[in-house]
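Just so you know, these numbers come straight off a predicted model, no measurement behind them. Letters go in sequence order (proteins before strands), and every chain restarts at 1.
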Amino acid sequence: MADEATTHAEEHHTSTGISNEKLAMWVFLGSECLLFGGLISTYMFNKGRIGPNDIGPDDVFDIPFTSVSSFVLLMSSLTMVFAVSAIARGDLRGNRIWLATTAALGATFVAGQVYEFTAFYSEGLGFTTNLFGSAFYALTGFHGAHVTIGIIMLMSLYVMSMRGNLGPERAETVEIIGLYWHFVDIVWIVIFTIVYLFPQ
Amino acid sequence: MSRRLKVLVWLSSLLVIAGTIALIVVGIVVTDDHPLSTLSPVGRQGRDIARLINPIFIVAGVVFFLVQGAVLALWWRYRVGGSETGDGEHGYYEDDEFPDQTHGNDRLEIAWTIVPTILLAVISVFTLVALFALDDVDASDEDMVVTVIGQQWWWEYQYHLDGDTTTAPDFVTANELVIPAGVDVALDIKSRDVIHSFWIPKLNGKRDAVPGRSHDWVIQADNPGRYRGQCTEFCGLSHGYMKMVAVALTPSEFAQWRDNQMTPASAPAEGTAAAAGWEVFSQQCASCHAVNGLTSAANRGGAAESPPDDWDIYGEFNGGYAGPVITDELIAGAAPNLTHLMTRGTFAGSIFDLYLGAGDHIPYLELANRGTLNRGDLEAWISNAPERKPADADGLRGMPARTGLSPDDIDNVVAFLSTLD
Amino acid sequence: MATVTPESPDTAHAPDEHAHPSNWLYVKVAIALALLTAFEVFTYFETVHGWGDTAIIIMLVLMMLVKFFLVVAFFMHLKFDAPIFWRLFVFGLILAMAVYMVMLTAFRFW
Amino acid sequence: MTVTDRTITAPEETLALPAGPAVAHRPLGVFTRPQGSEGWRSWLFTVDHKRIGIMYGAAAMFFFLVGGAEALFIRLQLATPNGSVIGAGTYNGVFTMHGVTMVFLVIMPMAAAFANYLLPLQVGARDVAFPRLNAFSFWCFLAGGLLLVSSIFIGGWFQNAPDGGWFNYAPNSGLPFSPSKGIDFYAVGLQITGIASLVSSINLIVTVLNMRTKGMSFFRMPVLTWMLLITQFLLLFAIPVITVALFLLMFDRLWDANFFNVAAGADPLLWQHLFWIFGHPEVYILILPAFGIVSEIIPTFSRKPLFGYHFMVASGIAIGFMGWGVWAHHMFTSGIGPLAVAAFSVSTMFIAVPTGVKILNWLATMYRGRLRFTTPMLYAVGVVSMFTIGGLSGVTHAIAPSDTQQTDTYYIVAHFHYVIFGGALLGLFGGFYFWWPKAFGYKLSEAWGKASFWVMLVGFNFTFGPMHILGLQGMSRRISTYRADEGFALWNMVATIGSFVIAVGVAMFLWNVYASTRKWQRAGRPDVGPDPWDARGLEWMTASPVPEHNFDSEIEVERLDEFWHRKYGVDENHRVVKTATAEEVAHDGSNTKVHLPSPSYWPIVLGGGILLVGYGLIYNLWLAAAGLVLLVGAIYGWILEPADDPDAAGHHDDHHDDGDGHGDPSGNGGPDGNGESASAAAPADTEEAATVG
Ligand code: HEA
Ligand code: HEA
Ligand code: CUA
Ligand SMILES: [Cu+2]
């Protein structure tokens, strides 16, 4: 920004009053809608395009199990907001605890997904088995990759906090990562309903 | 620039523009009888399309001249000569002459939003009317339906004389689609491998042949004649060589042709060259090509008597997906049915003429009797097809080279093929 | 240009309850989410199947949307945050829904 | 998009959390930041939006020669019937690479060049919002581009080049039908350039929304800024769609998925929908920047403000919106059913309305103007005239029944070259001439410029004009040859000759660059001054070439065309009078104390990592793993590198502006927000910086 050199000590401001990072994250999430939208529609379009004797959703889905892991992911959003409000209050220790909890819940979810994948695979549904298989693994796997990246970011925050690099003045960083995390969560809300719960 | 030079530049650029326009107009007029021209339709659908588009070309032409005229007029009227102000270092306008600093005019803006809107609204009404009219098929269920199957890189036609495409066809032919003139012919367009597009420009627009789907289409030719076509969806290596011909015959000629197509071939007489050719053919060619009455029905895409398991390559797909597709492979392994090869005017995706200089001089039904066989291309094709028409090295698509055949073998095979009329 | 500058670090230490929804609110939202999820899962089992697929799908979609917007509005703070976020995100969301629904319609999917 | 005529002010209740000063990390050996602004290294590590813009431009120019050379091969092959210059197989690779190169590696990056260079200047900012990400976008784009182009050479001349056409319909793109590596290069290469475009669009959107100088409300932004902003939004939303399509394709080819496997029940039209949902907004991505450029050039050389500014902005927005609802006009013959065809046919037609508004407003700007036909003006007027031709043929395609005759013929080829070459490319060339003095401090020769314009224009019309005729005569696209008796010989020959005339025109442009540079150097590098054209935008309000820090002090904007109004006033008779010279108004670049972001090693390393991953996906997953390691390493380097290097000349610091990393190896995930993420409020200053390290 074209500040006077002599006045650069003044605060930097943005036209909207919003920080660049936060704005960028929201812009990015807007774009992610089209990414997941594409994958979800691909799934919807293709899940039924299998033969009568082919292995399909009804043959593999284990709704109670997936409900539990969905619940876990949902609750990780709650712990995430706790982490954000902890750091906003200056409660660094609380922030760390909630970050770790969130990451752990996320990891539980991913572990559940890995378990689910192996179970489906052993029941005969592979990535290449049929269109349902390809579409299912592509969509949920892609979501899982997003969760994994989120976990890595949460853990990085945790490490930063341990090393004293994540003070209250950087609360917004936590908030931004939280936005990403919640987004991944809402995508799962949609996936859980459309992929698992819709009558097949 | 001096004044004279400027005039010269102006004149010459005007000349270039005028010349281009003139060339284009002349070009269209002079070359209108192109075999594939979309501008000279001879069928109902083609005509309907032309009737719709021609006025729109005129509208576009008017807008074109208005805009280009405005550009030139503004240029001419308001330009500031190069000599008045130099190629100065700073600022082009040494003068203080400023035009009125108009910022806009809302009325004008609204006007030139509304006028084109109305214009387009009118156009879209005509478009929709034509669109749905074209979709009306004037062929009843009883009437003949031809299943058109595109594959790399030729067309197969399965004639269902009773209009029932779910049963085996009455006969099968390739590359030249023969239809009765004057009536709507219903097509059912499919593909065995990738997307192709069926297009006989003088009769109708195109319709894609999409694997896994079945598309209805209609063509109609006013008069008997031969109308060329070209696969227009990029379909891999030899897309440019995937052509076809639609042949319209009078109803009686068509009946004659049809009856002939339904008769199976008979074995050539013992001891003739053709019999020797059949020997070779049955070993070298019959694994792919069917000749009804002679080869077994197991050939893919082949015989009429009993269809192979995967006859209906994608199940029935009318209106969308309806169940799984069971086929062993989608790569075109099928080959043209050669039972009546000699009745065709062209071969190999209609890129070669089967008869020398046949043109339109010989009536279609007389080709086999009166035409002079184009031996050069046919023999070259048989001995090394990929050289004449690019095909994949893996031999999965197109016809493989048969370079092992001796010249004698080839002569004999051609003699055999000549009996297939 | 900017009229609002982010708070300086010293004010950040002050607990700014006025802007932050309290944790209790978050918990309430989470409970709502949990209940909705429970009900969603409930529809999956026989008991409500008598209602017909369309009714179930409509219900599921409604519940899904409520959950979606609860998370967005509260956990992601969109309810309290600058409207520009709302516009950016919802624009993408609506565009995605519109475009892909038109696509599926063209496939006669519904 | 927010369209308000006021600065958005955050509401009182805003939840803006404190974003305090970044913790200054201690440099750990390699983690110091690169220094210096001279020499080739400084270009590799630069984060300066202007240098990045110039590199985008240069790379695009390079790819233009590649794509143009491919076009010449196409034309040679088709010059005569039964052509045999290159065989069918090579031909398919050549036209595919031509289309892909021209669209993704020429027009898009050329527009990115202008966006990078001009957007911050036009809104009065010091740099983009995230300078390092900006550098990363460029290197990532270059990685994708080089990967794509390398396919021409790898394993033999055009043996592994993509050969499915630029829209690459399934299932022809599947492994059984295209067993070479070509389509893999396509799928991977375009994903990489997609990441670049996506990252850059986010960056530029944030820049425009957030970095505007004082008083620069939305409706005081130049039309170019607007058009670029709309373009970035189109990219933001369109790139993910093609990414999905490419993903599915890649899964099919590399890991045997079934998305386009018809035997397993797939419907190949899915690819077409996804591709064109992206593809149609894409064509407006190609044209809108040129529209913006034309909207800057025509007022300048008409000596009038742009006619109907608000309508120009609104029509751009309308085009951006409507562009999302017309994609299936590329699928009229695919068998999508009459209702869908009808809907898309009608929606397509009405796109002519906002586009027409633009054309007519340009004409109205010229009306009663004092028109100076400088080279940029020639190009701009060329756009008005040539684009209209392409637009009108576009409307004739929109008539669905007629399009069944036209589609996949040369009539379409004529249409899109008129809009792309006659619209986008001419516009961008005009932009080169117009902003050249701004970027480099001297003008390109007007004589050569005009001559090359006319040569190009004439060659262009001779190349593509006849294609209208060819198409209507029934010549199909993408055919490697045609029969002699089809009657296409004459116009094909004319088109081929025309294409070589274009080549001469392009060569004249290159010569112009060379000769003008030499002349300027020999003359002792005379100064063109800040405002050589008597122009209107803020970018002219600083020295030429633009100093590294852009403006010496923050500019306060009070109206549209602020700079122009500072030069001119109105007397009592409402006549315009000059009140100040440009030199008096403009900054001279003497303030060297402005803080600048430090250069960084990591963007280019990250780009290299992505390149490795790309080749790895195609050839060997171990290579991909190595690339991934490099990539992750680069991300951590990025995060850990010091915010500032006190030893660096020129007191660089990056104001912690670009902290937002993007810890996403897949390139699709979210920013990790680590690093110096807390930014905007960082009260970094020299004193503090000096204490670091
Ligand atoms: C810069 C890129 C660009 C632009 C701006 C456009 C603009 C338009 N395009 Fe084009 N188009 C392409 C690039 C572009 N196109 C490409 C690359 C393809 C081929 C892809 C492929 O197959 O490889 C294509 C293909 C294409 C098709 C598919 C053809 C086919 O394959 O069958 C269609 C069909 O409707 C179409 C329509 C239009 C329309 C209606 C516009 C409109 O936006 C044009 C509007 C402009 C005007 C109309 C002129 C000015 C207006 C006036 C002066 C007002 C008065 C006018 C009237 C009342 C008519 N285009
Ligand atoms: C996006 C912009 C763009 C641009 C600028 C161009 C520019 C040109 N294009 Fe086009 N073209 C496309 C985009 C573009 N094209 C697309 C998207 C397709 C569809 C592809 C598909 O179907 O998949 C296509 C297809 C296409 C075809 C149809 C191929 C077919 O369907 O079979 C043809 C045929 O003539 C053609 C010709 C040309 C020519 C002659 C130019 C000329 O204007 C080029 C002029 C430039 C030069 C002549 C460069 C100058 C070179 C030199 C001075 C020598 C340099 C040498 C070296 C140093 C290496 N192009
Ligand atoms: Cu078949 Cu092109
Ligand atoms: Cu389009």
message: Counting heavy-atom pairs closer than 4.5 Å to chain B, which one of G337(D), A342(D), G174(D) comes out on top?
response: A342(D)

statement: Closest non-hydrogen atoms of H215(B) and S334(D), given as atom of the first, atom of the second and distance, are CE1-O, 2.9 Å

task: Identify which part of T388(D) has an atom lying under 4.5 Å from any heavy atom of chain B, answering side chain, backbone, both or neither.
output: side chain

- request: Determine whether Y169(D) and V194(B) make a side-chain contact, defined as any pair of heavy atoms from C-beta on separated by less than 4.5 Å.
  value: no

task: Under 4.5 Å heavy-atom distance to chain D, tell me which part of L128(B) shows up: side chain, backbone, both or neither.
output: side chain

- prompt: Between P35(B) and D485(D), what is the shortest heavy-atom contact and its length?
  reply: CG-O, 3.5 Å

Chain B contact via V395(D) - side chain, backbone, both or neither, heavy atoms under 4.5 Å: side chain

task: Sort V341(D) into side chain, backbone, both or neither according to what part of it lies under 4.5 angstrom from a heavy atom of chain B.
output: both

message: Please classify the contact of W454(D) with chain B as side chain, backbone, both or neither, using a heavy-atom distance under 4.5 Å.
response: side chain

query: Could you go step by step and tell me if T102(B) and R368(D) meet the side-chain contact (heavy atoms from CB on, under 4.5 Å) rule?
result: CA-CA 9 Å; T102(B) 39; R368(D) 296 188 152 191; over 6 Å; no

- request: Could you pull out the closest heavy-atom pair between G487(D) and H34(B), with the gap in Å?
  value: O-NE2, 2.7 Å

query: Between N105(B) and chain D, which part of the residue has a heavy atom less than 4.5 Å away: side chain, backbone, both or neither?
result: both

query: Non-hydrogen atoms of chain B under 4.5 Å away: do they reach the side chain of R477(D), the backbone, both or neither?
result: backbone

field: Contacting moiety of A400(D), where chain B heavy atoms sit under 4.5 Å
entry: both

- line: Under 4.5 Å to a heavy atom of chain B? For D267(D) that would be side chain

Contact class of L378(D) relative to chain B, heavy atoms under 4.5 angstrom: side chain

query: T404(D), L269(D), I479(D), L392(D): which one forms the most heavy-atom pairs within less than 4.5 Å of chain B?
result: T404(D)

message: Less than 4.5 Å to any heavy atom of chain D: does that hold for the side chain of W199(B), its backbone, both, or neither?
response: side chain

Part of R228(B) lying under 4.5 Å from any heavy atom of chain D: side chain

- prompt: Parallel under 30°, tilted from 30 to 60°, perpendicular over 60°: which one fits the rings of Y78(B) and Y367(D)?
  reply: perpendicular

query: Which bit of Q68(B) is near chain D, if near means a heavy-atom gap under 4.5 Å: side chain, backbone, both or neither?
result: side chain

task: Go through the atoms of W271(D) and report whether side chain, backbone, both or neither lie under 4.5 Å from a heavy atom of chain B.
output: neither

task: Against chain B, label T407(D) side chain, backbone, both or neither, depending on which of its atoms sit under 4.5 Å from a heavy atom there.
output: both

query: How close do V381(D) and V71(B) get, heavy atom to heavy atom, and via which atoms?
result: CG1-CG1, 3.5 Å

- prompt: Which answer fits L108(B), side chain, backbone, both or neither, if we ask what part of it has an atom under 4.5 Å from a heavy atom of chain D?
  reply: side chain

- request: Heavy-atom distances under 4.5 Å only: say whether A170(D) touches chain B with side chain, backbone, both or neither.
  value: backbone

query: By a 4.5 Å heavy-atom criterion (distance strictly below it), what part of P201(B) contacts chain D: side chain, backbone, both, or neither?
result: both

field: Atom group of L560(D) that falls short of 4.5 Å from chain B, counting heavy atoms
entry: neither

statement: Applying a strict 4.5 Å limit to non-hydrogen atoms, the region of S345(D) in contact with chain B is side chain

message: Give me the atom names and distance for the closest heavy-atom approach of V67(B) to L363(D).
response: CG1-CD1, 4.4 Å

task: Would you name the heavy atoms of P99(B) and R303(D) that are closest together and state the gap between them?
output: CG-O, 3.4 Å

field: D208(B) side chain near F332(D) side chain, heavy-atom distance below 4.5 Å
entry: no

field: Per-residue contact mode, E233(B) against chain D (heavy atom under 4.5 angstrom)
entry: both

field: Region of F352(B) in contact with chain D, defined by heavy-atom distances below 4.5 Å
entry: backbone

query: Quick one: what part of F126(B) sits under 4.5 Å from any heavy atom of chain D, side chain, backbone, both or neither?
result: neither

query: Given a strict heavy-atom distance threshold of 4.5 Å, which part of I359(D) is in contact with chain B: side chain, backbone, both, or neither?
result: side chain

task: Could you label the plane-to-plane angle of the F95(D) and F234(B) rings as parallel, tilted or perpendicular, counting under 30° as parallel and over 60° as perpendicular?
output: perpendicular

